[in-house]
Enquirer: 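Let me begin by handing over the structure; questions about it come next.
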Amino acid sequence: MKILMVLESEFPPDTRVENEISALVEAGHQIEIACLTKSGHPLCEKNNGYTIHRKMISEFMHKTSVGTLKFPFYFNFWRKFLKQLLKDNSFDAIHIHDLPLSKVGYEMKRAFNLKLTIDLHENWPGLLKISTHTQSFLGKLLSSNSQWKRYEKSILKKADNIIVVIEESKERIQKLGIKAEKISIVSNTLNTEEFKEHSSKPDPNFFTLYYAGGVTKHRGLQTVIRSLKLSRNEIPSIRLWIVGKGRYLGNLKAISKEEHVEDIVNFLGWKPLDEVANLLSQSDVALIPHLKSEHTDSTIPHKLFQYMYLRKPILSTDCIPLKRIIEQNESGLIYKNNNIEDLSAKTISLYKNTRQLNLEKGKKAVEEKYNWEVDKKRLIEIYS
């Protein structure tokens, strides 16, 4: 089968998308990617058995995406791009990554007689509800959460297949009136062939808290930084490593200074996967401090399975999927959402005794259940 995947970002990198492409190519399918570029990458490129088609987009046009349900400029950009690709090439299916471009995908399905898969990486209406760029006066004017919810319910009914990342997300979609047999769970699990444990060990002179991922307000790192002031009374050697980048970085640096903990907060920036694994190997405790919301109660971060696989004690908020998986596998402690005192108490508890956890159980769960070899079979089944 020849499949056109549509991704509204620069590509590569994207771990989930790359895993999906590799699985489908390995299963004998032909994959081509349609994505945008703002940085002048080649407009057409062959890469590891698949083809990437890129279209240049201006910064202004990209920003109009927030209001695309009210003003059609962004949709029109993609309509023109995809129509030309589909006229020039014959495809059997179109695979839309995430909710926004699903309407354009449906239009292409009808015009070119394609099967349509909508791959929901996120609870998109839930994400927009907590994103800082939609909370301003202009953001609220351009992006209505109720309109996105209506859009999601309407467009998902028109898909041939829907992919979600976790059981809680499938339950949410079913409540919209979507039949369960149309929904497949292909989770953000770990490709253990590519993520290797390093020989590096934690520095005994420090107690290192580690976070890797996006740096936005809803990731909850501000709670972690504010908790350090309490924790360092019991743990003089405590320090925090933040690996990643994002628009909230400046705010976190300011909070570190306000709390007088800037000497123990280290902003390490974005790192490639191998270096992420190396830094994680050197840490004592791994963090998932995501603020609890509609979004985080129905999604799952890839880093959870990295942490479990390397047998790192996890400190996480009580988001429903995180709490369920961590507690079932005795892989960490759960603290109350956005609660500085509870986070500090749990940090101190792990400092004094990590043997309250069964870290081998978490690693085994990844080896047997939460790994890409398991999830890719579900993806291949959709296209078989």
Side-chain angles (χ1 to χ4, degrees), residues 132 197-292 301 303-304 306-307 310-318 322 331-357 359:
T132 52
E197 187 167 3
H198 280 251
S199 58
S200 306
K201 301 295 180 187
D203 186 335
N205 295 310
F206 294 94
F207 185 71
T208 305
L209 307 183
Y210 171 95
Y211 169 87
V215 182
T216 54
K217 187 175 182 180
H218 74 270
R219 306 290 179 138
L221 286 162
Q222 60 273 28
T223 308
V224 179
I225 291 171
R226 291 190 170 108
S227 76
L228 293 174
K229 198 169 183 177
L230 298 176
S231 300
R232 77 189 305 180
N233 293 329
E234 294 282 337
I235 316 171
S237 61
I238 196 169
R239 64 179 176 181
L240 170 63
W241 286 352
I242 297 174
V243 180
K245 60 181 181 179
R247 65 177 67 92
Y248 202 60
L249 198 61
N251 302 71
L252 294 181
K253 290 179 179 179
I255 292 168
S256 299
K257 289 183 180 178
E258 288 169 13
E259 299 294 327
H260 306 291
V261 292
E262 68 268 29
D263 58 316
I264 57 172
V265 180
N266 301 272
F267 297 95
L268 304 179
W270 181 89
K271 302 292 181 185
L273 186 62
D274 186 62
E275 200 164 340
V276 164
N278 184 29
L279 288 167
L280 178 54
S281 296
Q282 296 175 54
S283 68
D284 293 285
V285 170
L287 301 166
I288 310 180
H290 298 178
L291 299 182
K292 188 176 172 66
K303 59 178 154 277
L304 169 63
Q306 294 178 351
Y307 296 172
L310 295 194
R311 298 182 296 271
K312 292 298 173 181
I314 301 168
L315 272 173
S316 171
T317 47
D318 51 357
L322 288 168
S331 297
L333 299 182
I334 304 299
Y335 67 93
K336 295 174 186 173
N337 174 57
N338 203 24
N339 188 311
I340 296 166
E341 291 77 14
D342 193 32
L343 172 54
S344 178
K346 298 291 169 56
T347 303
I348 293 166
S349 176
L350 283 180
Y351 173 70
K352 292 180 176 179
N353 179 21
T354 59
R355 282 178 287 186
Q356 61 190 288
L357 306 176
L359 301 175

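Both backbone and side-chain heavy atoms feed into the values below; hydrogens, waters and symmetry mates do not.
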Enquirer: Working to the nearest 0.5 Å, report the span between OG of Ser256 and CG of Leu252.
Expert: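 Here the rounded value is 6.5 Å.
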Enquirer: Relative to Phe267, does Lys253 satisfy both conditions: NZ or CZ under 6.0 angstrom from the six-membered ring centre, and within 45 degrees of the ring's axis?
Expert: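 Judged by the rule, Lys253 and Phe267 form a cation-pi pair.
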Enquirer: Quick check: do Leu322 and Pro301 have side-chain heavy atoms less than 4.5 Å from each other?
Expert: yes
Enquirer: In Å and rounded to the nearest 0.5 Å, what is the CG to CZ distance from Asp284 to Arg239?
Expert: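 Separation between the atoms: 8.5 Å.
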Enquirer: What's the shortest heavy-atom distance between Ser200 and Asn278, and which atoms?
Expert: OG-OD1, 2.6 Å
Enquirer: Could you tell me whether the side chains of Thr317 and Asn337 share a donor-acceptor contact shorter than 3.5 Å?
Expert: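 Looking only at side-chain atoms, Asn337 and Thr317 do not form any donor-acceptor pair under 3.5 Å.
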Enquirer: Can any side-chain N or O of Lys303 pair as donor or acceptor with the backbone N or O of Ala212 at less than 3.5 Å?
Expert: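 Such a contact is found between Lys303 side chain and Ala212 backbone.
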Enquirer: For Thr354 and Val285: C-alpha separation, side-chain torsions, deciding distance, then whether side chain to side chain contact (heavy atoms under 4.5 Å, CB included) applies.
Expert: CA-CA 9 Å; Thr354 59; Val285 170; 5.6 Å; no
Enquirer: Decide salt bridge (charged side-chain N to carboxylate O under 4.0 Å, His left out) for Lys257 and Glu262; before the verdict, give the C-alpha distance in whole Å, the side-chain angles of both, and the deciding distance to 0.1 Å.
Expert: CA-CA 5 Å; Lys257 289 183 180 178; Glu262 68 268 29; over 6 Å; no
Enquirer: If I compare all heavy atoms of Tyr307 with all of Tyr211, which pair ends up nearest, and what's the gap?
Expert: OH-CA, 4.0 Å
Enquirer: With a 4.5 Å cut-off on side-chain heavy atoms, are Glu341 and Leu230 touching?
Expert: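 When only atoms from C-beta onward are counted, Glu341 and Leu230 do touch, with a gap below 4.5 Å.
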Enquirer: Between atom CD1 of Ile255 and atom CD of Glu258, what is the distance when rounded to the nearest 0.5 Å?
Expert: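 Ile255 CD1 to Glu258 CD: 6.5 Å, rounded to 0.5 Å.
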Enquirer: Atom NZ of Lys292 and atom CG of Asn339: how far apart are they, to the nearest 0.5 Å?
Expert: 13.5 Å
Enquirer: What's the spacing between Leu228 CG and Thr223 OG1 if we round to 0.5 Å?
Expert: 11.0 Å
Enquirer: Grab the two heavy atoms, one from Leu279 and one from Lys271, that are nearest each other, plus how far apart they are.
Expert: CD1-CG, 4.1 Å
Enquirer: Can you give me the closest heavy-atom contact between Pro289 and Leu221, atom names plus distance?
Expert: CG-CD2, 4.1 Å
Enquirer: With a 4.5 Å cut-off on side-chain heavy atoms, are Leu333 and Gln356 touching?
Expert: yes
Enquirer: Do you know which two heavy atoms are closest between Tyr351 and Glu234, and how far apart they sit?
Expert: CE2-O, 3.9 Å
Enquirer: Would you say the side chain of Asp263 lies within less than 4.5 Å of the side chain of Arg232, judging by non-hydrogen atoms?
Expert: yes
Enquirer: Determine, stepwise, if the pair Gln306 / Val276 fulfils side chain to side chain contact (heavy atoms under 4.5 Å, CB included).
Expert: CA-CA 10 Å; Gln306 294 178 351; Val276 164; 4.0 Å; yes
Enquirer: Do the side chains of Thr347 and Tyr335 get nearer than 4.5 Å, heavy atoms only?
Expert: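 Side-chain contact under 4.5 Å: no.
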Enquirer: So, do Ser237 and Asn205 sit near enough that their side-chain heavy atoms are less than 4.5 Å apart?
Expert: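 No. Closest side-chain heavy atoms not under 4.5 Å.
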Enquirer: May I ask you to test the Thr208-Gln282 pair for a side-chain heavy-atom distance under 4.5 Å?
Expert: no
Enquirer: Could you measure the distance from the CD1 atom of Ile225 to the CG atom of Leu240? Nearest 0.5 Å is fine.
Expert: 6.0 Å
Enquirer: List the atom of Leu291, the atom of Lys217, and the distance in Å for their closest heavy-atom pair.
Expert: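 Shortest heavy-atom contact: CD1-O, 3.7 Å.
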Enquirer: With side chains defined as the heavy atoms from C-beta onward, is the minimum distance between His198 and Leu280 less than 4.5 Å?
Expert: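 No, too far: nothing below the 4.5 Å cut-off.
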